[in-house]
Each structure stands twice: as structure tokens, then as C-alpha cells.
Protein chains: 2
Amino acid sequence: MTKDTKSKVYQEVLEEIRNYIVDHQLQDGDRLPSERELAEQLNAGRSSVREALRAIELLGLIETRHGEGTFLRSYQPYYSVEILSTFILQETRSQQEVLQLKLLLESQVLSNLSGQISTDLYEKLLSVIVELPKEQLHTFLFTELFNAAGNRLLSKIWHLLEGFSNPIPFEEQNHSFYEQILLWVKENKTESAKEALKKVYILE
Amino acid sequence: MTKDTKSKVYQEVLEEIRNYIVDHQLQDGDRLPSERELAEQLNAGRSSVREALRAIELLGLIETRHGEGTFLRSYQPYYSVEILSTFILQETRSQQEVLQLKLLLESQVLSNLSGQISTDLYEKLLSVIVELPKEQLHTFLFTELFNAAGNRLLSKIWHLLEGFSNPIPFEEQNHSFYEQILLWVKENKTESAKEALKKVYILE
DNA sequence: CAACTAAATTGGTCTGACCATTAACCTAAT
DNA sequence: ATTAGGTTAATGGTCAGACCAATTTAGTTG
């Protein structure tokens, strides 16, 4: 009868912590009670409390500082997404799939930045491109572009894919190719840039 | 010098478990070593191992059965979604980012399937759509579409975002909307479908 | 008042113990 | 030989205590 009732202690602690936050109207940056306090108040062992806290931490909801305490922080899915993505990537390591998604993200960032690149940034990037060895061009440019676009989630996942697609034979392009891409984006001719980029990825 | 090196034990355990899964090519349903074995093999305390396992469990990547062991399972955000939804309410920027990526993936799957939907599948989906309540339409249709598209990476990440974006207010569409989307994809009119989809996501 | 020191607080980690659940094994009755 | 029942071993669930490491706080000293 009491099938659902038997939940683990760390899950109950999870609930209690949530209630605590709501009841005390805690905001980002506010401090939670210490692990020992929580354990005592909730009638649980400290290890159970820690299991709950570690889980929440991995989700990105709290931040722990040694010697100080545990603090609420604004939700950032990036860490957990990263973990999950790595697990998922392990399962589905189809290089095609990785490349397709990578191309998709790169195309998206080009769209996001279409006509949005300042002359300052443009010239700065151009000057670096000239000096960089060929094999670093792609990573460098898109790292900068994702950075400029400001979507950290997109950026995180792209970097992840970047890591996984390293061993994949990639048709390296020369400097003028990336200069052209950059120019197109700056001049709002994103479609041309996307097409050119697509050709680099030998899909199918 | 070794500032960044000092990561917590449970995080290292996380890594090791991931490596173990990769090395042994574990699939959904396969069993992980026992907590005690992991602790010994990784030279860590059992409590640290448990912290890692609990965190992964909350993410929905593993399943634990008392007396039996710990098992890999296909990713199902169950608890994490509930937790996150109560913890996170606002955080517009993060939501925006999740939504943007979600829309991007959905658009991509529409492209992938453009003109590729068999009459059989079309009619099958259509018949289900009619019977489904409004709030389940979106998830259902795209689950099926991602399934049909066959790109598991895309699919997994989408499901992931689907879980994370649950608490986000979503403008629900009626049945005819999704019937139209489906029809457009079947008839190779993907651009129309994408545009319509984009309007559902109120970005910016 | 500033600077240094000692103590208290807090998170990080390990060990060992015990309970609850499940699976595997063995034994005895049919 | 098969099956029912009970015992044993393995595994997760939980707690308590100890110790370390980082940080803050309180106290002391110059």
C-alpha cells in the first residue's frame, strides 16, 4: 500500500531544502544552513544531507565554498548539460551526428551575429587570423564568435562537440576562407557564409 | 600552480564512472560495479562514490535498485525536472538560451525529414494527434519526428532541453497547428513549417 | 588601530558499523 | 527429479564518528 511512500532520505532532504528556501525566501547568493545544522534539523545523517547537496550542486542550483558554506546561485544549466552531454555523446558517437550538430550550431552563431560585428572586433579578429597557423583558424574564429554572440549554452555545447570532433578529419581551410566568412557575417551576407561553411563539412 | 587541479573526489568519481561506461561499452540496462567495488577500484571512500552516484541518479542517468545494484538507463529527467522547476522560476536569460537551442534543433529535424515522411507514418501520427490533449501535442510530435529522423544525438539533446524547458511557459498550439506542420514537412514545404514554429517561440 | 594568533565554524573525505532488500545457494519434502 | 523453504552472500541505504583543509571570527598584542 505504501509503495510510493518509501523514498530515500536524500530525496526527502531535497524536499526539505527546497521548502527551507521557499519559507525563508532565499535569493541568489544567500547562504544555506551548514551541513551539520541541516542534518540535525532534519533528523538525518550528514552523509545523506551531503548526497542531496551534491546532487543539487551538479544541477547547478547551489555553490559550495570550503570553509564558508553552501550558497544559492542563479541557475546555470551549463554544468549539468555538460555532464549529460558527455554521457550522451558516449552512447551515440556517430561522427556524422556530431558534425551535423556542430555545423548547425556554427551556422546559428553566424546568423546571430549577422551584421552585428563591430569594426573594432572585425579588425581585431582579422589581425589574429593572419598570424595564426592554419589548423587553429577554425577553432579560434568560432570561439570568438560564440563568445561575441553571448549565448553561453550554445557556446558550451559547441565546445563540447569541438572536443569530440577533434580526431575527425577536418578539411582545413586557408586564411582567406575565414577572412571571407568573417566579412560576410559583418556585411549581413550570412547565407553566403553558411553555404561556404557547409561545404567544409563533408556530410554524407 | 595546481589551482584548477583540486576538484572534489565525487567529481573525479563522476569522470571515472563515465570512462568505465565508455570502456566497457555499457548500454541501457547494464549494471555498474557495486558501490564498494567502485570505491576500492577508484581509491575513494564509499561515501564519495555515493555522492557521485546520487548526483547522476538525480540527473536521471542511472537507476538504483536496493539489493541488486546500480544500472544504466535511458535518460529520463524525472526528479531533476521537478526540482529545477520549483527552484527556477525566473532567469530569463537562461530560459532564452535553452529555448533558442530547442527551436534550433526542432527546425533542424524538420529539415532532415523534409519530404521524407511516409504516408503510413503521416497517417499514424495524424490519428494520434487528434486524440491527444493540447498540452501534449508538441512533445509528442517532436518526439516522433526526432525518432523518425534517426539522429540520436540531436534527439537526446532535444529531450534534454525538453526536460529543462518544462517550467518555461509555452504558448500551446491547437491540433490544427501541428497537423499543418506535419503536412508541410511531408510535402517538402519545410520553410513554412519552420516559420510557423518560430512564431510559437516568443524569443526576444 | 593595525597586525598577528588562536579558536571555532564549515565543507571534504574516509572508515566502520548496522539495517533492508534482493539474488543465489542449499537442503529437505514431495 | 522437482519444488518449497530457509540460509547465506551481495548490495544499496543510512548513520555516527573521526580527521583534514579552508575560512571566518574572536581575541590578543604591538
Side-chain angles (χ1 to χ4, degrees), chain A residues 1-17 20-21 24 26 28-73 79 83, chain B residues 1-17 20-21 24 26 28-73 76 78-79 83:
Chain A
M1 61 174 81
T2 53
K3 297 172 157 187
D4 312 353
T5 314
K6 52 174 178 182
S7 70
K8 302 176 187 174
V9 172
Y10 94 93
Q11 291 175 328
E12 293 173 5
V13 172
L14 227 46
E15 273 295 309
E16 293 298 333
I17 292 178
Y20 182 92
I21 293 173
H24 293 72
L26 295 193
D28 297 341
D30 287 347
R31 187 171 165 281
L32 286 171
S34 74
E35 298 178 351
R36 289 171 178 85
E37 281 181 58
L38 283 173
E40 189 176 6
Q41 288 180 20
L42 305 181
N43 255 314
R46 194 182 153 207
S47 51
S48 292
V49 171
R50 278 187 64 84
E51 287 180 10
L53 289 176
R54 269 349 99 217
I56 309 181
E57 184 181 60
L58 190 65
L59 282 181
L61 292 170
I62 58 173
E63 184 182 359
T64 285
R65 295 201 284 271
H66 195 171
E68 298 184 56
T70 305
F71 303 84
L72 230 60
R73 78 170 189 190
Y79 187 38
I83 299 279
Chain B
M1 62 175 76
T2 53
K3 293 175 161 187
D4 311 354
T5 315
K6 54 172 177 182
S7 71
K8 301 177 187 174
V9 173
Y10 94 94
Q11 290 174 328
E12 292 173 5
V13 173
L14 225 47
E15 270 297 308
E16 293 298 333
I17 291 178
Y20 182 92
I21 293 174
H24 294 72
L26 295 194
D28 296 342
D30 287 346
R31 186 170 167 282
L32 286 172
S34 73
E35 298 178 350
R36 289 170 178 87
E37 281 180 57
L38 283 173
E40 188 176 6
Q41 288 180 20
L42 305 181
N43 255 314
R46 194 182 152 206
S47 52
S48 292
V49 171
R50 278 187 62 85
E51 288 180 11
L53 288 176
R54 269 348 99 217
I56 308 181
E57 184 181 61
L58 190 65
L59 285 181
L61 291 169
I62 60 174
E63 183 182 0
T64 285
R65 294 201 284 271
H66 195 170
E68 297 185 56
T70 305
F71 303 83
L72 230 61
R73 78 171 196 188
Q76 298 172 4
Y78 61 129
Y79 211 70
I83 297 288

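Every heavy atom of this structure was used, including side-chain atoms; hydrogens, water molecules and symmetry mates were not. A, B, ... follow the sequence lines: proteins, then strands. Residue 1 opens every chain.
When the side-chain nitrogen and oxygen atoms of Arg50(B) are compared with OP1 and OP2 of dG13(D), one or more of them lie within a distance under 4.0 Å. Note on Arg31(B): a side-chain N or O is less than 4.0 Å away from OP1 or OP2 of dT11(D). The phosphate of dC15(D) has OP1 or OP2 within less than 4.0 Å of a side-chain N or O from Ser48(A). At the phosphate of dG12(D), neither OP1 nor OP2 sits under 4.0 Å from any side-chain N or O atom of Arg54(B).
Between the P atom of dG11(C) and the OH atom of Tyr10(B) lies a distance of 14 Å, rounded to the nearest Å. Leu38(A) has its CG atom 16 Å from the P atom of dT9(C), to the nearest Å. Nucleotide dG11(C) holds its C1' atom 13 Å from the CD atom of Gln11(B), rounded to whole Å. Counting to the nearest Å, the P atom of dT23(D) and the CD atom of Glu63(A) are 13 Å from each other. Distance CZ (Arg36(A)) to C1' (dA18(D)): 11 Å, rounded to an integer number of Å. Rounded to an integer number of Å, the gap from CD of Glu35(A) to C1' of dC20(D) is 14 Å. Here dT11(D) presents its P atom at 11 Å from CD of Gln41(B), a figure rounded to the nearest Å. Protein atom CZ of Arg46(A) is 11 Å distant from nucleotide atom P of dT10(C), rounded to whole Å.
Among the atoms of the strands shown, only primed sugar atoms or phosphate atoms (P, OP1, OP2) are found under 4.0 Å from some heavy atom of Arg65(A). Counting any heavy atom pair closer than 4.0 Å across all strands shown, Glu57(A) reaches no nucleic acid atom.
For Ser47(B), taking side-chain heavy atoms from C-beta onward, the closest of the listed nucleotides dG12(C), dC14(C), dG12(D) is dC14(C). Between dT24(D), dT10(C), dT11(D), one nucleotide has an atom nearer to the side chain of Glu68(A) than all others, and that is dT24(D). In the set dT13(C), dC14(C), dG12(D), dC14(C) carries the atom at the smallest distance from any side-chain atom of Ala44(B).
Ion pairing of Glu57(B) with Arg54(B) is present here, as a side-chain N (NZ or NE/NH1/NH2) and a carboxylate O approach within less than 4.0 Å.
Mapping Val9(A) and Gly67(B) onto DNA chain D via the closest heavy atom, the residue that lands nearer the 5' end is Gly67(B).
When every heavy atom of Val13(A) is checked against every heavy atom of Val49(A), the shortest pair comes out as CG1-CA, 4.2 Å. Counting all heavy atoms, side chain and backbone alike, Leu53(B) lies closest to Glu35(B) at CD1-CG, 3.7 Å.
Here His66(A) does not count as stacked on dG12(C), because the ring centres are not under 5.5 angstrom apart with planes under 30°.
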